[in-house]
A.B. asks: 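One structure coming up, written as structure tokens, with questions to follow.
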Number of protein chains: 2
Amino acid sequence: MTQLAEAARRVPLNRDRVLEAAVTLADEVGIESLSMRRLAQELGVVPMALYKHVANKEELLDGMVDTLVSEIDPPVPDAPWKSAVRLRVLSARRALLRHPWARPVIETRTTTTPAVLGYMDGFVGMFLGGGLSVDLTHHVMHALGSRMWGFTQEVFDDSAGRDAGGQQSMPVEVRTAMAMQMAESYPNLFRIALAAAHDDESVVGSGCDDQFEFEFVLDLLLDGFERLHEQDWTSR
Amino acid sequence: MTQLAEAARRVPLNRDRVLEAAVTLADEVGIESLSMRRLAQELGVVPMALYKHVANKEELLDGMVDTLVSEIDPPVPDAPWKSAVRLRVLSARRALLRHPWARPVIETRTTTTPAVLGYMDGFVGMFLGGGLSVDLTHHVMHALGSRMWGFTQEVFDDSAGRDAGGQQSMPVEVRTAMAMQMAESYPNLFRIALAAAHDDESVVGSGCDDQFEFEFVLDLLLDGFERLHEQDWTSR
DNA sequence: ATTGACAGGTATACAGCGTACACCTAGCCT
DNA sequence: AGGCTAGGTGTACGCTGTATACCTGTCAAT
């Protein structure tokens, strides 16, 4: 035990190792299971030891976001603004899909770290560099919102029809009964769910290509931005 | 005490009263302070008593969202789809601003109650009723996302320049030092923050009209939807 | 060589959370 | 009269973040 203690002390657990461990732990067990105690245990250390390296859990989460930001590709220089933005957003999205915990964490952050400010500054720079006015860029950044991070607030779930409840072990007669119930309670949702299920080749899947939906909206917005830019839009 | 117990029993605390109390409590003290214990206390009852009326806290939150949904105006019939959608979204936004707790709660909901399904169904109905194809409507609903609820994921905060940190009691030399710091670290953000501060008549305000930003994006999207509809867009 | 500061790990403790489980009691139906 | 039940109570468990005090090894300055 003395040896272990010494071995632990030989690599004295700095801030980066704490953040790194937090990221991989959250990747593995999910953000809801990332507690200070659990993280400490993972590092072979007592919970309070973490507080020598991060002020509190909020700061830990801030740090985790910072490491995520560092994984996002920088803006490609000398590219048209639209594709530069597009590429970077999609890079952010890839990073975000690697770290599912990041979405809820980003959503709840209140403080803005320098790394995050730098990330945003990059976007603003792309728009301004593309010739968009300061005014338009301002509103465009608001419009981009969380899509800047590669995610959308997915609040519309069209999987309701095929599998309301989530369990797959359900007698077929119950399923059809529920489908009929839905068809009459939510006729419009039903039509869409039906169409999505129809298009879907793999019967198992959600019937909805998240990546397609994301790029659909992203391009819709980018095209809108471009149009406003071309007609010298201004907020009066 | 017997009298109190009897008085309490005379109005035996049903599900609706629990939900109503939860909503007003959350309105007053914020969602982060809404605990089962606190809510029970507010109702003059022991915490576990609540569990006779809601299965658990999740279901309580679901119920709170349902009451919020009931405050949103139904779709106005016989209106062009664009303005019908627009009106309803803005009605949702008003409800949401009355209940600040709703945004984080909606964001974290996993189950979808019938009331919420009905709400969504109404939107789908407006698009389909306006002649949009099932396919386009599907993607349009995804694009709408959380904006359906009247909020955007506000992840871009342009108040960074004027008041990084939030405290107003700060020596002016420190403030200018920070501004200079920002100007060189985040030159692009700085330009935008500066412009926003300039436009702002009230020096105190955030320098950013949230309502304007919201409607800006909403209309950008609606116009995009319309354009796609006019050119019979389809996802192949 | 001794001392003292300090960085970093530890131990204990507290207040708060959601909620499982057992219990009680008043009112109603047979 | 007797039991069922709806609804409120009391206690307890395991979990959370973190304040506070303590200890110990390392290193710099005397």
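All values below come from the heavy atoms of this structure, side chains included, with hydrogens, waters and symmetry mates left out.
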A.B. asks: May I have the step-by-step check of side chain to side chain contact (heavy atoms under 4.5 Å, CB included) for Glu107(B) and Ser146(B), ending in yes or no?
C.D. replies: CA-CA 8 Å; Glu107(B) 279 170 356; Ser146(B) 70; over 6 Å; no

A.B. asks: Which residues pass the side-chain contact (heavy atoms from CB on, under 4.5 Å) test with Gln211(B), not counting sequence neighbours?
C.D. replies: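 In terms of side-chain contact (heavy atoms from CB on, under 4.5 Å), with neighbours along the sequence ignored, Gln211(B) is linked to Leu90(B), Arg93(B), Leu97(B), Asp209(B), Glu215(B).
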
A.B. asks: Between the protein and nucleotides 3-5 of chain D, list every N/O to N/O distance that falls short of 3.5 Å.
C.D. replies:
none

A.B. asks: In chain order, what residues pass the side-chain contact (heavy atoms from CB on, under 4.5 Å) check against Arg98(B), with sequence neighbours excluded?
C.D. replies: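 Arg98(B): side-chain contact (heavy atoms from CB on, under 4.5 Å) contacts with Glu71(B), Arg94(B), Ala95(B).
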
A.B. asks: Pull out every residue in residues 51-59 of chain A that has a heavy atom closer than 4.0 Å to any atom of DNA chain D, ordered by number, or say none.
C.D. replies: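 The stretch gives Tyr51(A), Asn56(A), Lys57(A) as the residues lying under 4.0 Å from the strand, ordered by number.
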
A.B. asks: Looking at residues at least two apart in the chain, or sitting in another chain, which of them share a side-chain contact (heavy atoms from CB on, under 4.5 Å) with Thr113(A)?
C.D. replies: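 Partners of Thr113(A) by the side-chain contact (heavy atoms from CB on, under 4.5 Å) criterion, ordered by chain and then number, come out as Asp62(A), Asp66(A), Ala115(A), Val116(A).
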
A.B. asks: For Arg191(B), what residues pass the side-chain contact (heavy atoms from CB on, under 4.5 Å) criterion, not counting sequence neighbours?
C.D. replies: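 Applying side-chain contact (heavy atoms from CB on, under 4.5 Å) to Arg191(B) gives Leu128(A), Val134(A).
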
A.B. asks: Asp121(A): which residues meet the salt bridge (Lys or Arg N to Asp or Glu O under 4.0 Å) condition with it, sequence neighbours left out?
C.D. replies: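 Listed in chain order: nothing, the list is empty.
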
A.B. asks: List the atom of Met64(B), the atom of Ala26(B), and the distance in Å for their closest heavy-atom pair.
C.D. replies: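 That closest heavy-atom pairing would be CE-CB, 3.7 Å.
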
A.B. asks: Which whole-number value in Å describes the distance from Met48(B) CE to dT11(D) C1'?
C.D. replies: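 So the two atoms are 11 Å apart, to the nearest Å.
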
A.B. asks: For Asp73(B) and Arg88(B), work out which heavy atoms get closest and say how close.
C.D. replies: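 Where Asp73(B) meets Arg88(B) most closely, the heavy atoms are O-NE, 3.0 Å.
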
A.B. asks: Which residues within residues 23-38 of chain B lie with some heavy atom under 4.0 Å of an atom in DNA chain C?
C.D. replies: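 Output list: Ser35(B), Met36(B), Arg37(B).
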
A.B. asks: Please report, rounded to the nearest Å, how far the P atom of dG7(D) is from the CG atom of Asp16(B).
C.D. replies: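 Asp16(B) atom CG is separated from dG7(D) atom P by 13 Å.
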
A.B. asks: Mind jotting down which residue pairs meet the ring-ring contact (aromatic ring centres under 6.0 Å, His included) criterion with at least one end in residues 84-106 of chain B? Sequence neighbours excluded, please.
C.D. replies: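 Sorted result for residues 84-106 of chain B: His99(B)-Trp101(B).
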
A.B. asks: Report the distance from atom CG of Leu39(B) to atom P of dT19(C), rounded to the nearest whole Å.
C.D. replies: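 Roughly 13 Å, once rounded to whole Å.
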
A.B. asks: Only counting residues at least two apart or in another chain, list the ones meeting salt bridge (Lys or Arg N to Asp or Glu O under 4.0 Å) with Glu28(B).
C.D. replies: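 Glu28(B): no salt bridge (Lys or Arg N to Asp or Glu O under 4.0 Å) contacts found.
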
A.B. asks: Please find the pair of heavy atoms, one from Thr152(A) and one from Arg103(A), that lie closest to each other, and give the distance.
C.D. replies: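 Of all heavy-atom pairs spanning Thr152(A) and Arg103(A), the closest is O-NH1, 3.0 Å.
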
A.B. asks: Between atom CG in Leu13(A) and atom P in dG25(D), what is the gap in whole Å?
C.D. replies: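 Going from CG in Leu13(A) over to P in dG25(D) covers 18 Å.
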
A.B. asks: Would you please name every residue forming a salt bridge (Lys or Arg N to Asp or Glu O under 4.0 Å) with Glu59(A), sequence neighbours left out?
C.D. replies: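 Testing Glu59(A) for salt bridge (Lys or Arg N to Asp or Glu O under 4.0 Å), a comparison that skips the adjacent residues, returns Arg15(A).
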
A.B. asks: Enumerate the residues from residues 99-113 of chain B whose closest heavy atom to DNA chain C is under 4.0 Å, giving them by residue number; use none for an empty result.
C.D. replies: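 Those residues whose heavy atoms fall under 4.0 Å from DNA chain C, taken from residues 99-113 of chain B, amount to none.
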
A.B. asks: Can you check the Leu43(A) CG to dT10(C) C1' distance for me, whole Å?
C.D. replies: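 For the pair Leu43(A) CG and dT10(C) C1', the rounded distance is 15 Å.
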
A.B. asks: Go nucleotide by nucleotide along DNA chain C from the 5' end; which of Ala49(A) and Pro47(B) gets its closest nucleotide reached first?
C.D. replies: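 The residue closer to the strand's 5' end, by nearest nucleotide, is Ala49(A).
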
A.B. asks: When the distance from CG of Leu60(A) to C1' of dT18(D) is rounded to whole Å, what number comes out?
C.D. replies: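 Answer to the nearest Å: 14 Å.
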
A.B. asks: For Val45(A), answer base if it contacts any base atom (sugar-phosphate contacts may also be present), sugar-phosphate if it contacts only those atoms, and nothing otherwise; contact means non-hydrogen atoms under 4.0 Å.
C.D. replies: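 Sugar-phosphate: the residue Val45(A), judged by heavy atoms under 4.0 Å, touches backbone atoms but no base.
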
A.B. asks: What do you reckon, are the aromatic ring centroids of Phe123(B) and Phe127(B) less than 6.0 Å apart?
C.D. replies: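 Ring centroids of Phe123(B) and Phe127(B) are no less than 6.0 Å from each other.
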
